[in-house]
Amino acid sequence: MKTTIRKATVEDAEKVASLAIHMWKSHTIEELAQEFSDYIIKESGIVFLAMEDECTVGFAQCGLRHDYVEGTDSNPVGYLEGIFVVEEYRKRGFAKNMLEACQEWAKEQGCTEFASDCELVNEDSLKFHLKMGFEEANRIICFTKKLMDPGIGITARIK
């Protein structure tokens, strides 16, 4: 079996989307394919594919963050936007190798720091990040609040 990590092309957007849907279930494969296609074309980030023989078994998406990144001091910061490996291919080094490719790409872009995040309840992701040498920078809970009922017009609110 031949295993490789390679840079994704626009032609791979559908493959990436079919993997990403397992992480980002609120989207459709079509939406994700378009997002990945746009992302790859812009060249402000990169997507790597993990391959075993001719089968795509994982992907990693990373980019540059120019806004503040929790726990960092530099700008831009390389940022792992998402990483996924098909379950039966896990624990074989694919995620580690894709992460290393992302980090190398970030260094080539002039980054001196690399960051990522995960949901508070995602214990598998937390364990992966810690095992890969990341340090926890902070824990947050995000809040939202509706400011007006979308069915009420502006004139009904102002008296």
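One-based numbering along the sequence shown. In this text, all values refer to a predicted model and were calculated from it rather than measured experimentally.
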Contact list for residues 86-113, test ring-ring contact (aromatic ring centres under 6.0 Å, His included), sequence neighbours left out: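 Residue pairs passing ring-ring contact (aromatic ring centres under 6.0 Å, His included), neighbours aside: none found.
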Salt bridge (charged side-chain N to carboxylate O under 4.0 Å, His left out) between Glu70 and Arg65, intermediate numbers included: CA-CA 11 Å; Glu70 193 74 37; Arg65 295 265 178 113; over 6 Å; no
When you group the ILVMFWY residues by side-chain heavy-atom contacts below 4.5 Å and let the links chain together, are [Y] and [X] in the same group?
X     : Y     : result
Leu49 : Ile5  : yes
Leu80 : Val69 : no
Met23 : Tyr79 : no

Residue list, ring pair (Phe, Tyr, Trp, His ring centres under 6.0 Å) with His22, at least two apart or on another chain: Phe84
From [atom1] ([X]) to [atom2] ([Y]), nearest 0.5 Å:
X      : Y      : atom1 : atom2 : value
Met98  : Cys62  : CE    : SG    : 11.0 Å
Thr4   : Phe48  : OG1   : CZ    : 12.0 Å
Glu104 : Ile46  : CD    : CD1   : 11.0 Å
Ile141 : Phe143 : CD1   : CZ    : 5.5 Å
Met1   : Thr3   : CE    : OG1   : 10.0 Å

Non-hydrogen atoms of [X] and [Y] that approach each other most closely:
X      : Y     : result
Val85  : Arg90 : O-NE, 2.7 Å
Ala115 : Thr72 : CB-CG2, 4.4 Å
Gly45  : Tyr39 : CA-OH, 3.5 Å

Name every donor-acceptor pair, under 3.5 Å, that has one atom in a side chain of residues 8-17 and the other anywhere in the protein, sequence neighbours excluded.
{"residue": "Thr9", "atom": "OG1", "partner": "Glu11", "partner atom": "N", "Å": "3.4"}
{"residue": "Thr9", "atom": "OG1", "partner": "Glu11", "partner atom": "OE1", "Å": "3.0"}
{"residue": "Thr9", "atom": "OG1", "partner": "Asp12", "partner atom": "OD2", "Å": "3.1"}
{"residue": "Asp12", "atom": "OD1", "partner": "Arg6", "partner atom": "NH2", "Å": "3.0"}
{"residue": "Asp12", "atom": "OD2", "partner": "Arg6", "partner atom": "NH1", "Å": "2.8"}
{"residue": "Asp12", "atom": "OD2", "partner": "Arg6", "partner atom": "NH2", "Å": "3.4"}
{"residue": "Asp12", "atom": "OD2", "partner": "Thr9", "partner atom": "N", "Å": "2.8"}

Using modelled atom types only, decide if a donor and an acceptor are shared between the side chain of [X] and the backbone of [Y] within a distance under 3.5 Å.
X      : Y      : result
Asn97  : Gly93  : yes
Arg139 : Leu120 : no
Glu31  : Thr28  : yes

Could you tabulate the donor-acceptor pairs under 3.5 Å formed by side-chain atoms of residues 50-61, not counting sequence neighbours?
{"residue": "Glu52", "atom": "OE1", "partner": "Arg92", "partner atom": "NH1", "Å": "3.3"}
{"residue": "Glu52", "atom": "OE2", "partner": "Arg92", "partner atom": "NH1", "Å": "3.3"}
{"residue": "Asp53", "atom": "OD1", "partner": "Lys2", "partner atom": "N", "Å": "2.9"}

Heavy-atom check, side chain of Cys111 versus side chain of Val77, under 4.5 Å: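 A side-chain contact under 4.5 Å is absent here.
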Any residue meeting side-chain contact (heavy atoms from CB on, under 4.5 Å) with Asp73, in chain and number order, not counting sequence neighbours: Glu113
Less than 3.5 Å apart, which donor and acceptor atoms pair up between the side chains of residues 126-134 and the rest of the protein, not counting sequence neighbours?
{"residue": "His129", "atom": "ND1", "partner": "Ser125", "partner atom": "O", "Å": "2.7"}
{"residue": "His129", "atom": "ND1", "partner": "Ser125", "partner atom": "OG", "Å": "3.2"}
{"residue": "His129", "atom": "NE2", "partner": "Ser116", "partner atom": "OG", "Å": "2.7"}

Atom CD of Glu119: over 12 foreign heavy atoms under 6.0 Å: no
CD (Glu87) with more than 12 external heavy atoms under 6.0 Å: no
